[in-house]
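One structure below.
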Protein chains: 2
Amino acid sequence: MKTGSHHDSSIEQRLHGLRQRLTPQRLLIVSVLEENDAHITAEAIYERVREQYPYVNLSTIYRTLEWLKKLGLVTETDMGEGSVCYHWAEKGRHHHLVCQKCGRVVDMDESLPCSLKEALLQRYGFDVDLSHLAFFGRCESCQSQSD
Amino acid sequence: MKTGSHHDSSIEQRLHGLRQRLTPQRLLIVSVLEENDAHITAEAIYERVREQYPYVNLSTIYRTLEWLKKLGLVTETDMGEGSVCYHWAEKGRHHHLVCQKCGRVVDMDESLPCSLKEALLQRYGFDVDLSHLAFFGRCESCQSQSD
DNA sequence: TTCGCAGATGCAAATAGTTGCAGATAGCCC
DNA sequence: GGGCTATCTGCAACTATTTGCATCTGCGAA
């Protein structure tokens with residue numbers, strides 16, 4: 001299933017430029033991720049891809065997500081919900097604060113993690129890859145309550 | 001298998017004081033963790049406990065680790081090695097910087113994460129539970145090298 | 001346009017961790 | 001010391017994810 005040149009997206013061109021193979025499965029997985037504003041699980045991507053490509057295998061989804069992660073095109077976050085979440089990296093870098101009491105998720109921008117990153121580079125010479133962090137704890141409403 | 005009173009450790013007394021059940025399995029798991037200075041996986045704890053309690057089940061190990069985590073007696077860290085690591089919480093709080101290139105692990109004390117924690121409390125009103133963090137990236141030696 | 005091959009995929013098995021259920025038991029109360 | 005019960009445990013099944021292997025295929029080179 002080779003898309004016509006007039007359908008080629010910029011991501012296809014970029015991947016082609018990086019000498020990466022573009023299989024039908026990969027193109028579909030990438031488009032599901034690009035179209036998805038929220039985080040998405042591997043299982044949900046699998047369901048979406050199967051709509052157009054019924055014989056795709058779940059292990060291919062996982063392998064492709066790993067490949068995209070390695071290329072820096074996707075970020076992966078464990079929100080503590082039992083499955084890891086994925087997010088198209090260009091849809092904005094941010095992080096999360098997950099309340100362990102009520103489950104509320106507060107988004108956090110990059111400024112504080114960037115400060116930490118710079119401090120770690122200074123102190124330890126270590127260059128942290130701040131892809132997509134999730135910190136667990138208690139939100140404002142749940143702090144006064146005990147367990 | 002009830003330990004004699006002269007064998008009761010302070011942790012047994014504390015757990016008893018918290019109205020927590022002390023089963024033979026739990027006592028053994030706790031002692032393996034207390035004796036272990038480094039991080040340890042669930043599987044390794046299982047092997048150690050089986051030496052003295054052959055019929056213990058791996059699901060009991062996982063359940064007990066979850067219970068100890070909830071009590072704040074153990075911390076859990078994913079060092080990216082395929083299994084989560086556990087550490088007796090009183091053996092010192094620290095965090096890790098894991099190099100994705102060479103695998104080297106740099107220990108980090110609490111001061112920088114504490115700064116982040118305070119900043120998050122100020123900015124978002126969110127009280128982060130800094131139990132045992134692991135940040136991934138590149139160490140000093142591996143930064144100049146490409147993938 | 002065809003060919004060859006490095007790498008992708010599907011399949012099934014494996015791994016780390018979780019869960020439902022029935023039976024066992026720690027420990028409190030009498 | 002014995003009884004009772006809430007909770008723990010072992011077992012087997014399950015889930016999310018990874019991996020080995022054989023076959024397929026994207027795509028660059030001729």
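Numbered from 1 within each chain, the chains take letters A, B, ... in sequence-line order. Just so it is clear, the model here is predicted, and its values are computed rather than measured.
- Heavy-atom contacts from other residues, nucleotides or ligands closer than 6.0 Å to CZ of A:Arg104 number 12 or fewer.
- Closest approach to the A:Thr64 side chain among D:dT17, C:dT9, C:dA26 is made by C:dT9 (side chain taken as heavy atoms from C-beta onward).
- Regarding B:Leu65, its CG atom lies at a distance of 13 Å from the C1' atom of C:dA16, rounded to whole Å.
- Separating the CD1 atom of A:Ile29 from the P atom of C:dT9 is a distance of 7 Å, rounded to the nearest angstrom.
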field: Candidate pair B:Arg138 and A:Asp129, rule salt bridge (Lys or Arg N to Asp or Glu O under 4.0 Å), full reasoning
entry: CA-CA 8 Å; B:Arg138 292 230 178 167; A:Asp129 173 19; over 6 Å; no
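- One interatomic measurement links the two molecules: CZ of A:Arg21 to P of D:dG26, which rounds to 9 Å at whole-angstrom precision.
- Under 3.5 Å, the side chains of B:Trp88 and B:Glu35 contain no donor-acceptor pair of N or O atoms.
- Counting to the nearest Å, the C1' atom of D:dT19 and the CD1 atom of A:Ile61 are 17 Å from each other.
- No N or O donor and acceptor, one from the side chain of A:Arg26 and one from the base of C:dA8, sit under 3.5 Å apart.
- In this model, the phosphate group of D:dT17 is approached by a side-chain N or O of A:Tyr62 to a distance below 4.0 Å at OP1 or OP2.
- In this structure, the nucleotide among D:dC8, D:dA16, C:dG10 sitting nearest to the side chain of A:Tyr53 is C:dG10.
- If you check every strand for non-hydrogen atoms under 4.0 Å, B:Leu22 touches sugar and phosphate atoms only.
- Between B:His39 and B:His94, the ring centre distance stays below 6.0 Å.
- Considering only side-chain N and O atoms, B:Thr23 lies nowhere under 4.0 angstrom from the phosphate OP1 or OP2 of C:dT25.
- Distances from the side chain of A:Gln25 to the nucleotides D:dT17, D:dG26, C:dG10 place C:dG10 closest.
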Do any N or O atoms of the protein come closer than 3.5 Å to N or O atoms of nucleotides 12-14 of chain C, and which pairs are they?
none

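- None of B:Leu27, B:Thr60, B:Ile29 except one satisfies the side-chain contact (heavy atoms from CB on, under 4.5 Å) rule with B:Val49; the exception is B:Ile29.
- Between the base of C:dG10 and the side chain of A:Arg63 there is a donor-acceptor pair shorter than 3.5 Å.
- Rounded to a whole Å, the CD atom of A:Glu81 is 17 Å from the C1' atom of C:dG17.
- Atoms CD (A:Gln20) and P (D:dC27) sit 11 Å apart, rounded to a whole Å.
- As rounded to whole Å, 11 Å separates atom P of C:dG27 from atom CZ of B:Arg19.
- Per the geometry, CH2 belonging to B:Trp67 stands 20 Å off C1' belonging to C:dT19, to the nearest Å.
- You'll find that the side chain of A:Thr60 is closest to C:dT9, out of C:dT9, D:dT17, D:dT9.
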field: Stepwise side chain to side chain contact (heavy atoms under 4.5 Å, CB included) test for A:Gln25 and A:Thr64
entry: CA-CA 9 Å; A:Gln25 298 94 330; A:Thr64 303; 5.6 Å; no
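- The pair B:Glu47-B:Arg50 meets the salt-bridge criterion, with a side-chain N (NZ, NE, NH1 or NH2) lying under 4.0 Å from an Asp/Glu carboxylate O.
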